[in-house]
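Note on naming: letters A, B, ... go to the chains in the order of the sequence lines (proteins, then strands), and numbering restarts at 1 for each one.
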Amino acid sequence: MPKRKPAAKNAKSGKVGRGAKGARPATGKRPQAGGRTKQKQAAAAAATVLLVNMIPQSLSGETNQDSEPTLAVNPANPLQIAASAFTPDPGGGDVAPIYVSTDGGNTWVLNSIVPSDSASGSMTADITVAFGSSSNVLYAGIIRLPVVNNTTRLNILSTQNFLSSTTMTVLVDRMGVDQPYVQAATNASGADQVFVGSNDFGSSSQTATIDQSRNGTQFSQVSIESRTTPGQDGPPVRPAIHSDGTVYAVFHGWRTFDQNSGAGTADIVVVRDDNFGNGNPPFSALQDTDNLSGVRVVQNSAFNFSDFLGQERTGGAVSIAVDPTNSSAVYVAWADLQNGVDTIHLRKSTNRGVAWSASDINTVSSATNPALAVSGQGTIGFLYQQLTGGGSAQQFETHFQYSSDGQNWTDVVLATTPANIPTKTFDPYLGDYCHLLSLGNDFYGIFSASNQPNQSNFPNGVTYQRNHDFNAQQLFDTDGTTPVAPSIDPFFFKVSP
Amino acid sequence: MAGKTKANQVPDEAKFLFKGTVRKLGASALAQVPKSEETAIVRVDEVLHAPPALAKTVGKEITVKLAKGAKPKVGDQVLFHANGWLFGKTVAVESVKQEAPALAKAMMAGRTADPTRNLKDRELENRVASADMVVEGEVSSVHLPESEMAATRAAGPARPVSEHDPKWREAVVTVKTVHKGEPTTKQVVVRFPSSTDVQWHRAPKFHAGDRGVWVLQSPKAPAAGAAAQPKGAPTLAMTATAIPGAAVYTALSPMDFHPAGQADTVASVIRAAKNS
């Protein structure tokens, strides 16, 4: 597939809305037609953009690789936001931190309440977070350290007070599980419905799994793969919940895999349950032409588990979002290899996942980490990270695109940061995923990127909490004078179209 | 399993030991910490041991959630045994014990003036105390374990394929000096992950010719409450490929290997741990 043509720059003007500190009208880029994706220029009013580097001032000296972020906004109080990343506990305890904001994302603190191990670095090996919609309960799915007996250890956690110093309560503790990805909603009876997608190596060779709870405390496992695999599925399993009880999940259903090269093929499979996972059996509402559960949005998508995009490892990424105004409308994005190029595809179903658009409604080359959300106005939001340029000028561009019709897209460039600064200290460099969600008409998201304090890297503005000098393009320690080297930081954003 | 509060930790687990002067009671210097009878603003006078982020608080005012039952007065200097809590514009910590500052002198006997070094030494003492063997020596060779070789021969996934795959390697260490334990052979086998994944990147990686001190652990048993091993995941009670029949040890923490240049530095810590 040909690469998309460079987007035309389209500076927009508009008044700052909603009063968020540091928020400003977007400097957008209008994508042009490229590849199979015919895109018209958008004529939307300017969006308001708030972008915040989340490292707090008291940690100005840190140089951690704070990659693979996720985000949770409390629907009952959107000023309360929690986030996660591969960040160690600054206190060096047997805990790992979450990021906490109580002012809508303008400022952040770290609160170390996730079980961990100081000898293993006081962090996690995977972590995602989500709030119940009205319970004020924060849930987390983690791979817990230390490593025990040569395998990964899943913990599903909860807390009723994310600012408390009390370590999160362990709800599930199981070995041999990879990449837990939590989503939650509160049903009409006030009970939290929690869904954690994961790759569970204990469930035969059909490893795509969902742990689900109908009360926020007790969980049961559901295998959502119905087809033959070469021994397992891929790591990403992503649920998406609608308030009417519809729950979708997308996963990377492996069909072939070569142990030595890392090359394989996968189906992008969507399953659905129509009553918060109470179907019989759960997640069996969608069947494909082979009469097996799960509709294949695309078959034999190429991936390589040993592949890299710059310093960022790839190997198959998926995302899913359901329209909160219409549970029949659902979007899926995935990354594959097109002639060796990491490429993101976005498609839409308007009939509850039964049929999908025959071609992409958006395609991005040299990109990874797709994340989707749909706003309360039915606007689809699409976050991704794209590698551009070459050599020492190589950059990761973080884009947030949105569209009210799936055809005309407005592109907000959040960051254009060096792809070679810093050198990675571990994999993943930016993360195997980033995160996007919506609440009302607003989009909230999080991504990781180089924190080099250069304002031109952030065309829609940015706020740093940690000590910095934008003119000198230099970070400083807590003393305000000792220089600090660039590193990977998490960035929070809120876009109000 | 119920969550455990950090307040339940015994003082020895406190990572932040400092002398501080109480400036204001029922107060907070961090917006995210509500003022209460349990909170106080404290000026940090001297840090005795701490992680780097907290060692930098000397001279600054921080918020302390006081240990239960403690009733210091404004102006009192107190020795706080604390742990980090919230890191924002300023820092909030949770005290697990408060004592008279004079006790610090005896407590810090033999320690250095560097609080981060003091904490590292204390953690290394604990690591040595829990180690099965501590040896000084040299890596004579590095091998691919049989389990890894078998995986490369398989057509499909021979075991779970995950980004967290440790990619195990075996280092054969020729022992020069034994500090702890009783090795039965002149060589011990150390299994280490060559993976650069987040789960393994902090684990030391070994190459032939590496010399230093190894703090070795036997493979751990499954965690209490955890399920049995999943399909295809070998236990770490593995056999050595390079030296058939030899016991296999691991060195997974950065504290578990100290290059030859640091051997003297760690010697006193090892002695202290052995005597504790």
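Looking at Glu163(B) and Asp126(A), their side chains come closer than 4.5 Å, going by heavy atoms from C-beta outward. With contacts defined as side-chain heavy-atom distances shorter than 4.5 Å, the pair Val147(A)/Trp200(B) qualifies. For the pair Val198(B)/Met123(A), a side-chain contact is recorded, criterion being any heavy-atom separation below 4.5 Å from C-beta on.
Listed by chain and residue number, Phe426(A) satisfy the ring pair (Phe, Tyr, Trp, His ring centres under 6.0 Å) test with His201(B) (two or more places apart in sequence, or in another chain).
Under the 4.0 Å criterion applied to side-chain N and carboxylate O atoms, Lys56(B) and Asp477(A) are assigned as salt-bridge partners.
Heavy-atom minimum distance, Leu163(A) versus Trp85(B): O-NE1, 3.3 Å. The heavy-atom pair separating Ser165(A) from Glu94(B) by the smallest distance is OG-OE2, 2.8 Å. Considering all non-hydrogen atoms of both residues, Gly88(B) and Ser58(A) come closest at O-OG, 2.7 Å. Annotation for Val161(B) and Phe201(A): closest pair O-CZ, 3.6 Å, computed over non-hydrogen atoms. Across all their heavy atoms, His164(B) and Ala125(A) have their closest contact at CE1-O, 3.1 Å. Closest approach of Gly91(A) to Pro51(B), counting heavy atoms only: O-CG, 3.5 Å.
Within 6.0 Å of NZ in Lys205(B) there are more than 12 heavy atoms belonging to other residues, nucleotides or ligands. Lys60(B) NZ: more than 12 foreign heavy atoms inside a 6.0 Å radius.
Contact count against chain B (heavy-atom pairs under 4.5 Å) is highest for Arg313(A) among Arg313(A), Gln179(A), Glu62(A). Contact tally against chain B (heavy-atom pairs below 4.5 Å) for Ala119(A), Pro115(A), Gly264(A), Gly93(A): the top residue is Ala119(A).
Both the backbone and the side chain of Ser162(B) come within contact range of chain A, with heavy atoms under 4.5 Å apart. Contacts between Ser164(A) and chain B at a heavy-atom distance below 4.5 Å involve the backbone alone (N, CA, C, O). Residue Ser120(A) touches chain B through its backbone alone, counting heavy-atom pairs closer than 4.5 Å. Within the 4.5 angstrom heavy-atom criterion, atoms from both the backbone and the side chain of Pro90(A) approach chain B. Looking at Tyr99(A), neither its backbone nor its side chain comes within 4.5 Å of chain B, counting heavy atoms on both sides. Neither the backbone nor the side chain of Leu157(A) comes within less than 4.5 Å of any heavy atom of chain B. Residue Thr124(A) touches chain B through its backbone alone, counting heavy-atom pairs closer than 4.5 Å.
A distance of 11.0 Å separates CZ in Arg202(B) from OG1 in Thr425(A), rounded to the nearest 0.5 Å. Here the straight-line distance linking atom CG of Asn111(A) with atom CG of Leu86(B) works out to 4.5 Å at 0.5 Å rounding. For the atom pair CG (Asp117(A)) and CG (Leu252(B)), the distance works out to 10.5 Å, reported to the nearest 0.5 Å. With rounding to the nearest 0.5 angstrom, the CZ atom of Arg127(B) is 8.5 Å from the OG atom of Ser118(A).
A donor-acceptor pair under 3.5 Å is absent between the side-chain atoms of Gln32(B) and the main chain of Val109(A), judged by distance alone.
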- [ ] Could you walk me through whether Thr107(A) and Lys89(B) pass side chain to side chain contact (heavy atoms under 4.5 Å, CB included), step by step?
- [x] CA-CA 9 Å; Thr107(A) 62; Lys89(B) 189 168 186 179; over 6 Å; no
